[in-house]
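Side-chain atoms are counted along with the backbone in the values below, which use heavy atoms only and exclude waters and symmetry mates. Chain letters run A, B, ... following the sequence lines, proteins first, then strands; residues in each count from 1.
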Amino acid sequence: MKALKNSWTTFGLAFLIMAIFMLFIVTLKGQHFLIFSFICLITSMLPFYWRFETRDIRAREIIFIAVLAAIAAVTRVPFAPLPSVQPTSFVIIVSALVLGPESGFIVGSTAAIVSNMFLGQGPWTPWQMFCWGMMGVTAGLISRHQWAQNKYLLCIFGFFWGFIFGWIMNLWYFVAYVNPLTIKTFIAAYVASFYFDLAHALSNVFFIFFFYQSWYRIISRFKVKYGLLAEDE
Amino acid sequence: MVDIAQIKQFNFQYALATQQNLKEINLTVQTGDFITLAGNSGSGKTTLLRQLKKELWPVGKRSGEIIFEGQPLADLSQGVSAQKIGMVFQNPDNQLVMDTVIQELAFSLENIGEKSANIQKRIAELVSFLGFQDLLYASVHDLSGGQKQLVNLASVLILQPDLLLLDEPTAQLDPIATKEFISLLQRVHDELGMTVIISEHQLDDILPLSNQLWLMDDGEITYQGPVSGGLAAIWAQPTLREFVPDVPHVFLQNELIAPADIAALPLTVVSGKQLIERQHWQLTHVKREIAVNDQVTILKAKHVSFQYEKNDPYVLDQLNLEVHIGDWLAIVGKNGTGKSTLLKLLIGLLQPRHGEIKLQGKKIGKWVQAELFKTVGYLSQTPSDHFSYDSVRQEFIERARQLKRATPEQVAEEMLIKLGLQTLAERNPQDASGGEQQLIALGIVLLAQPRLLLLDEPTKGLDPIRKRSLGELLTRLQAEGLTLIMASHDMAFSARFASQCALLFDGTIVSEEEPYAFFAHNFFYTTTINRMLRSQLPEALNWEEVHA
Amino acid sequence: MDVYGRSRARSQRASGLKSQLVFDQLNPIVIFAYYVIAIAFSMVFIHPTYLVSELLMIIAVNLLAKNQKKTLGTLQGALFMMLFIVVMNPIMNNHGAHVIVTFGGTVITAEAVTYGFLMALSLAILMLIFVSYNQSMTNHKFLYLFVRISPQLTLLTMITMRFVPLFIRRFTNIKNVQRTRGVQMEIGSVRARSHAGMRLMEVLLINSLVDALQTADSMTARGYGSQKRTSYQRYRFTQRDGWLLTLLIAGSGLCFYFAKQGIGRLAIYPMLGSIHLDQIGWLCLVLVLLIDSLPLLLEGWEYLWWTLRK
């Protein structure tokens, strides 16, 4: 119960920081948008990193997280020939469902940064870290509810995240390079990326539908094998 | 001499085990000892070694006492234990944590809280001793298996341990890398005076360095003492005889050494040669029967060349090869000469850049893939790559179903019986031991009833007993009409079982002959027995062929 | 196959120690500061003269590092985004005094068109800075920056980084072996291929989790978790690094101060201003370009030193 409270606190803190910066950005009326959105992004991730950093973490736990993050990153390679099919999000969601929000965040953001170490870093890196990290957090948070075992609800969850992911990823250059920011701008941006986001959403649904159960079982089995049960209680 | 470690009346039982896994162990290790721990797979060697490494204690019930440097091991702090007792494991890849060599070395020292300047000094010192400054900045992904294992040893040595534990460190290496590893180990022992305990299957290279041999059987120590006496003890147990290395095997088998003179038992080629000449022993040689193959060609490769990337050097260059039905062809050669690549070309997983490969007279590329993989089976070096279900039985049933066999359950059952896997049927293949995993993978491959079977390093990591039973199994399959092509660096195994041997070097097959002609013509690249006895018996390849 | 020979060539690049460029041998802190400042410049000074000369400079820096191919590739890749910005700005925004054309109720103003072009330029510069960044700021250098602040996270990142190539190699083997038993992602519909690919991934997941238990043991056996870790600092901070960092911070500080006064920023809305730069504007531009050309200057100095000595 304490852990649950803690992760909600972390989540809340992250949200608060984000809100403050958003307010700041709005009052600046579009001046130096990109810089402030970067700062906002990074600071909102800090509470999660701080939690991870100050925790005593055993070899098996760090290895377990590293394996899952590496698998998530590696899935980008074999699926590259298939347009817009990226199981990375699926791997992160399932990992987070087993491991909870904090490790979920770490798996997601590490997968983002490490895969970019091989594919090339860019201004998109922190945004991907944020998106996949938050995907992990939200999946971890819902994992505590009974209904999170329901495959169909998880498919819906994956579907929505497919779009949210695309929308946040659009931000980094729209926010900075198109002026002014009105609802119209956003809608135009989202219409432009609709096909990609839909593909992402549908591939999430596809993978969750067909593979959620076996992957969940495998990761849970190894969680026991690695002796990582104590973390939740 | 001083005792560095003592194990007193020690018992251990794993948390889920029904009986004791280590029984009444009493052992003494003296400073500067070089101890070889022998025993078949599952006899408890790894379990015993881990008892000496407190951080790696498995969960279970332990009684008795382990003393290290005068105090109970249990009282040792984790940090002290990590520094004073080093441990190297079997798989070279799995032990590496970092992606460059220098980071890997630094990792150990960072763990014990060394300051940055000191880390630099200790790395410099160690690298000068081992002489691998060239490797220092290399990425671990570019190292060979042997080099990786050297790095693993180095990253333990850098902590300056008093006691070095090694758990089958050379099982995954080829013979040349094994010799390099062991000679480095010898330097560490001789020049630094480090105490070494090493568990091994392949005792040929390691016994000449050892002053003690421990023999384990079913969780008990059945012998501890000098090496030659230990070999006699192994010899006394008919089930373990395969463990006796080739050189002493010849002498024990032909009763050339009296039990009283056991200390004079030769362990190396040179001492064996000297003894035979001194004693003027005349040995005889009986050739194994190798039928002349007059069957038709099943596979033919003509002028095959291959490169991985556009500007890479050619891995295979103008290679020609012909295999007849019923052959067992062993392709031997050093690691990295392209043996695995050749096998992948032969089964169509890679396409040749030039030349053509014909299977049963039809180009590989023209085959329908499903038909091709039914006709040719492929057994990988890593058997676990074959698995994808939760139990062995299911693994077989699914494969049979996929092959559209009429009664998958029955076909699976037959295969379980054929390979003697009935007891493992309901187990998860991932939980099986290395040797068992290989049999399971072989079963999956054989379900397709292939005409040709390709095997990539099938003896890697197997103990001598398993190796022999694999050889016998494959011989049976060969007798049933299966053609085998095996890539192997195991010369004794190839000499013992194959009907044809081919040497792959510089991208092409340099010689291909039946084993006796093949090895008798070689001077360096031949079996241990051949090197010892060639002046007298130029065609002798294995101990079972030599008689007094 | 000369694996060892290949490894030398590749790891030289990976370690960054043996790079030919002087700039690459600087302490990662200085390198990182350079890129942060260069990126900030490209966003702060929205003025055609500034942006065009910055663009030329960053292309020169990339040419120096022999990045021709990547530079071209990145420019091609960014073209769509740049076009989008050029088109979107005028459509979305009808502020501005100079109306060029009106169609379907949408007013296209010269201001918005100009703004779109400038932004597209700025984006191009940003992308090219990252091309150079990916070359000079190797993964190890990047992690060096964070190891002091966040050692545990850095360790996790390094382990993950070590796993990726290992897993890719493993995956290739699994893919080959499983193909012989009928699981393959080379043929079939996207659905069938995705399904097969995920099955292969599942095998990779299980095999890797089994094997990684030994990695954890190897860490524990070497003292991980026994006490607080230290971190080995491979990169030294030399006197040269100190001077350069001071100059970078002081120089860019001055530039940002100018920027705050509105220098180097073309007035666009509500009405397009003059492109003309005053004296301070030119001075500031020179300063910006001097800082942007740091890798070129260092290399030039090196060249002079060696030729004059002969």
Where on C:L143 is there a heavy atom nearer than 4.5 Å to chain A: the side chain, the backbone, both, or neither?
side chain

Examine whether an atom of A:V74 lies under 4.5 Å from a heavy atom of chain C, and if so say whether it belongs to the side chain, the backbone or both; otherwise answer neither.
both

Just wondering, do A:Y49 and C:S150 contact through their side chains at under 4.5 Å, heavy atoms?
no

With the side chain counted from C-beta on, respond yes when C:F163 and A:I71 share a heavy-atom pair under 4.5 Å apart, and no when they do not.
no

Atom OG1 of C:T220 and atom CZ of A:R58: how far apart are they, to the nearest 0.5 Å?
9.0 Å

Any donor-acceptor N/O pair, C:E202 side chain to A:W215 backbone, under 3.5 Å
no

With only heavy atoms counted, which part of C:V210 is less than 4.5 Å from chain A, the side chain, the backbone, both or neither?
both

Side chain proximity check, A:I57 to C:Y224, heavy atoms < 4.5 angstrom
yes

Would you call C:M201 and A:P87 a side-chain contact if the rule is heavy atoms closer than 4.5 Å?
no

Heavy-atom donor-acceptor pair, A:Q121 side chain to C:F130 backbone, under 3.5 Å
no

Checking C:M185 against chain A: side chain, backbone, both or neither under 4.5 Å from a heavy atom?
side chain

In the structure I gave you, are the side-chain heavy atoms of A:M117 and C:F142 within less than 4.5 Å of one another anywhere?
yes

Using a 4.5 Å cut-off on heavy atoms from C-beta on, say whether the side chain of C:L126 contacts that of A:P123.
yes

Under a 4.5 Å heavy-atom cut-off, does chain C meet the side chain of A:F52, its backbone, both or neither?
both

Go through the atoms of A:V77 and report whether side chain, backbone, both or neither lie under 4.5 Å from a heavy atom of chain C.
side chain

Below 4.5 Å, heavy atoms only, C-beta onward: do A:I62 and C:M219 meet side chain to side chain?
yes

Measure the spacing between CG of C:L156 and CD of A:E53 and express it to the nearest 0.5 Å.
10.0 Å

Parallel, tilted or perpendicular: rings of C:H195 and A:F210 (30°, 60°)
perpendicular

Between A:V114 and C:N139, is there a side-chain heavy-atom distance shorter than 4.5 Å?
no

Between atom OG of A:S214 and atom CD1 of C:I206, what is the distance when rounded to the nearest 0.5 Å?
8.0 Å

Could you tell me the separation between the CD1 atom of A:I63 and the CG atom of C:D211, rounded to the nearest 0.5 Å?
11.5 Å

Supply the atom-to-atom distance A:T125 OG1 to C:Y133 OH, rounded to the nearest 0.5 angstrom.
8.0 Å

With only heavy atoms counted, which part of A:I113 is less than 4.5 Å from chain C, the side chain, the backbone, both or neither?
side chain

